[in-house]
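See below for the structure under consideration.
Start at 1 and go down the list; that is how both ligands and their atoms are numbered.
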Amino acid sequence: MTKAHVIVVGNEKGGTGKSTSAMHIVVSLLERGYDVAIIDLDVRQKSLARYIENRQVYADQHNLKLTMPDVNTLACATDGTVGEMEQQDEAGFLALHDKLRGSFDYIIMDCPGSDSYLSRLAHMSADTLITPVNDSFVDIDLLAKVNPDTYKVEKLSLYSEMVWEARKARAMKDRGTIDWVVMRNRTSSLDAKNKRRVHDVLTQLQKRVAFRYVPGFGERVIYRELFPKGLTLVDFKNDSNQKMTLSHVAARQEIRRLMDDLKLPGWDQASVAAAE
Ligand SMILES: Nc1ncnc2c1ncn2[C@@H]1O[C@H](COP(=O)(O)OP(=O)(O)OP(=O)(O)O)[C@@H](O)[C@H]1O
Ligand SMILES: [Mg+2]
């Protein structure tokens with residue numbers, strides 16, 4: 001690849017699984033031999049950068065060779081008028097983006113669970129935008145207003161409109177397109193009715209807003225336990241300290257499926273090479 005493919009993981013709703021999904025995508029790409037850089041745009045929590053810090057510590061303590069991405073963070077400007085601060089944020093973002101773009105195959109940006117100027121810049125630079133949503137109409141509300149009786153989509157809401165603006169800005173800047181993928185996360189094996197309704201609404205929405213809706217990850221305790229060790233389910237085969245259960249095997253299949261569903265450049269060939 002001559003310049004990095006930019007993957008942005010975003011959703012203005014907090015806690016939908018952006019950082020967890022981003023980390024699993026990062027390690028999946030590293031496993032296939034790609035050079036990966038991350039930019040953590042959640043300037044307060046920095047969950048993705050901290051996840052990777054934990055990974056380094058765990059690898060050192062257990063004498064493990066774990067794949068590592070290049071980690072980058074950005075701070076928001078705090079001095080000046082709103083316009084001046086946005087200018088400073090934009091200059092910092094573009095300088096980092098341009099530096100990484102020539103040296104890595106993939107750049108993964110993890111956005112905060114709220115609107116920020118940096119997050120908007122990230123959305124405009126995305127080649128692939130991934131939005132995890134949970135099986136709840138509270139999550140869907142940021143994508144679209146849904147009729148409470150019929151569950152029909154009535155109009156787009158905040159986040160979909162922001163992505164729409166980002167798509168327009170991107171087309172004007174370099175005629176680029178953003179492949180928007182909405183993935184479900186934490187789908188429960190129970191509550192079949194709600195699950196089906198969310199599925200129906202996302203199916204209606206995907207045509208209207210032009211995103212690709214993919215299955216994503218189920219609700220599994222293991223995702224909550226991996227953070228302190230900095231591990232992902234992709235690593236389990238490399239760490240003999242981790243016992244594989246059936247749920248872990250199923251989770252690994254979901255991750256593999258998501259990676260296939262993303263249709264990233266070169267991924268098909270990388271998958272074939274890894275299987276051989
Ligand atoms: N598939 C899953 N199954 C179970 N727990 C999950 C799953 N995905 C994420 N979680 C848990 O949900 C919580 C929120 O996940 P995460 O921090 O990745 O979300 P986020 O969208 O990045 O949040 P924020 O908006 O605060 O940045 C965490 O405790 C995480 O461990
Ligand atoms: Mg996060």
Using 30° and 60° as the class limits, which term best fits the ring planes of Phe137 and Tyr151: parallel, tilted or perpendicular?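 Answer is tilted, since the angle falls between 30° and 60°.
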With sequence neighbours left out, what residues match Tyr117 under ring-ring contact (aromatic ring centres under 6.0 Å, His included)?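 None.
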N, O or S from Ser19 under 2.8 Å to the Mg ion (ligand 2):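 An N, O or S atom of Ser19 is closer than 2.8 Å to the Mg ion (ligand 2), so yes.
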Does Asp40 come within less than 4.0 Å of Lys46, counting only side-chain N to carboxylate O?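 Not counted as a salt bridge, because no side-chain N and carboxylate O are separated by less than 4.0 Å.
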Pair Arg220 + Glu254, salt bridge at N-O below 4.0 Å: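 Here Arg220 pairs with Glu254 in a salt bridge, since their nearest N and O are under 4.0 Å apart.
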Give a yes or no answer on whether the side chain of Thr16 reaches the backbone of Val133 with a donor-acceptor pair at less than 3.5 Å.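 Not at all, since once roles are kept as given, no pair shorter than 3.5 Å links the two residues.
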Between Thr20 and Arg224: side-chain donor-acceptor atoms closer than 3.5 Å: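 The criterion, which ignores hydrogens and geometry beyond distance, is not satisfied for Arg224 and Thr20.
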In order of chain and number, which residues sit within 4.0 Å of ligand 1 by heavy atom?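 Ligand 1 is contacted, at a heavy-atom distance under 4.0 Å, by Gly14, Gly15, Thr16, Gly17, Lys18, Ser19, Thr20, Asp42, Gln45, Gly113, Asn185, Arg186, Gly218, Glu219, Arg220, Tyr223, Arg224.
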